[in-house]
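What follows is one structure encoded as structure tokens, with my remarks underneath.
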Amino acid sequence: MARQAKLQTVRDAGGNPYAYTYDRTHEAGALQAKYAELPVGTETEDEVSVAGRIMAMRNNGMFIDLHDPSGKIQVFCHKDSMNEDELAKLETLDLGDIIGAKGKIRRTPRGELSVRVSHIQLLTKCLLPLPEKYHGLTDIEQRYRQRYVDLIVNEESRDTLRKRSLITTAMRDYLTKQWGGIEVETPMLHPILGGATAKPFVTHHNTLDTDFFMRVAPELYLKRLIVGGLADCVFEINRCFRNEGISPKHNPEFTSAELYKAFTDVNDMMDLTEGLVQYIAQTVFGTLEFKYGDNVINLGGKWPRKSMCGLVMDATGVDFMTIFDAAEARAAAKKLGVHVEPTAKWGEVVAAVFEEKVEDTLIQPTHITDFPLDISPLAKVHRDNPRLTERTETYVNGWEIANMFTELNDPADQQARFEEQVKAREAGNDEAQMLDADYVTALEYGLPPCGGWGLGVDRLTMILTGSPNIRDVICFPTLKPIKV
RNA sequence: GAUCGCCUAGCUCAGCCGGUAGAGCAACUGACUUUUAAUCAGUAGGUCCCGGGUUCGAUCCCCGGGGCGAUCACCA
């Protein structure tokens, strides 16, 4: 009998193949824990009811593996415990059906905790066959396109996405309790592109007849909240959108955490990065050591803080701090085999050399401090050097996972930096930011000394869960629709 | 966007030199009420990603298209 026919059989017998509810007493995981000590071969008089999806059936339906999100329990359908009507229901069940089962707890002679069923009920018919039980669903495309099927059959997928949820929960706890932050939500639709150097998505509001950019970063709005004194510390964990290439490390929509706290600076933000990541690692995973590919990453202790130019010098022997002329810097880069645009500024050259020669080597957590002014339009000038800013990026596993700075709060300086961005934009750089005059106005009202911080939630999750592709840590990653 | 690779039954995969498609699991029929990827016997199941071309004949060779993956570019 096919699934549709069985569904009809259930209806004909007066049942509902799509039940309204079910009175479940226990989740599978709770039973496994409660009866962990129940000896092999023991029968009990403890009545329970469970509900979940049929993932395997053996011996003509006598043994059913019932899975729910908490775990698995065997359902034992023996004729001595079931009347004829109940036994007949077994005929209508298929792999994948969601059922409820009621009966007494026992542990079989083979050691499997089971419910000796007296009453069984189809709760939701599954009309499509499940992927093969042994190999599961391995086709990577189908796993992402039909995540629901992937989740039904692949424990690792469920585990990774659950871990992600635990990670963001721990993150909220830490930012709220340890840093006194309040979580806020700022616009996704931005009239002006700002907060990061990136290509945007453009969308349109009909009744306003206005184009908006999907935000590339929430930064400028969050700092406006600090200006307003909504709180001394605000944070947001939410989506950003960048219209750029897709890769194992890039999804067009990704989740960033950003935090701003008055009366702190970049040094405090480095403490935040370490404290947060270590807190998450400990509370969610109970360890500070993580395997990723061939690397073992140790998140413990104080992470080294090294200046970008210093690391570039270590790697190449070239001290860019002694080079003041952009042309000279470009020549030095060329000598090192690093390609830079003929118009590249000193800071852009340094960053290019850093990315080429240093980035991949930063497997263990490292704070890269003292970013060049040229590539940091929203960061405050370094208190000791006008060519640098108080900006740090944190690298783990060769990836940038966090970016932080002492926020630029001098409106005149910010105005000038925006104008530089506008010039770059007019010169054809479609990633350059726009002049946000209202943001400058906000700074004119006064942004207190302020540290700001952002972290890539997806990448952190990849590292902590050992996921090789960013899509593994996103429930529904961006895919190209299939054209017919 | 570029290069390389992949796409065969619901799922996991074979398929030789171009001769007209196979297995395991799932399904269906039957046996079996203490199984653990249950077992045993049998049955059925295909737009070989799509569209052209070459050929007597194309899953296979060629061209175009689609989707996915890896690497690169861009970037977080």
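Numbers restart at 1 for each chain; the letters A, B, ... are given by sequence-line order, proteins then strands. What's counted below: heavy atoms across the whole structure, side chains too, no hydrogens, waters or symmetry copies.
- For A:N59 against B:C32, a side-chain-to-base donor-acceptor contact under 3.5 Å is absent.
- In this structure, A:R106 reaches the bases: a heavy-atom distance under 4.0 Å links it to at least one base atom across the strands shown.
- You can call A:F254 stacked on the base of B:A76; the centres are under 5.5 Å apart and the planes sit within 30°.
- Here A:L479 lies in heavy-atom contact (under 4.0 Å) with sugar-phosphate atoms only.
- A cation-pi arrangement is present between A:R106 and A:F76, with the terminal nitrogen or guanidinium carbon under 6.0 Å from the aromatic centre and inside a 45° cone about the axis.
- Here, B:A21 and B:A9 have their P atoms 15 Å apart, quoted to the whole Å.
- A 3.5 Å limit on both hydrogen-bonding distances identifies B:U43 as the Watson-Crick or G-U partner of B:A27.
- Residue-level contact check: A:R116 touches the bases, meaning some heavy atom is under 4.0 Å from a base atom.
- Rounded to whole Å, the distance from CD on A:E431 to P on B:C74 is 10 Å.
- If you find the closest nucleotide of RNA chain B to A:N251 and to A:P468, the one lying nearer the 5' end belongs to A:P468.
- Where A:F76 and A:P129 each meet RNA chain B at their nearest nucleotide, the meeting point lying more 5' is that of A:P129.
- With rounding to whole Å, A:Y134 atom OH is found 13 Å from B:C13 atom P.
- The aromatic rings of A:Y221 and A:H190 sit tilted, their planes meeting at an angle between 30° and 60°.
- Across all strands shown, A:E400 has heavy atoms under 4.0 Å from sugar-phosphate atoms exclusively, and none from any base.
- Using a 4.0 Å heavy-atom cutoff across all strands shown, A:D65 reaches no nucleic acid atom at all.
- Among the protein residues, A:G136 comes within range of the sugar-phosphate backbone only, with heavy atoms under 4.0 Å from sugar or phosphate atoms but none that close to a base.
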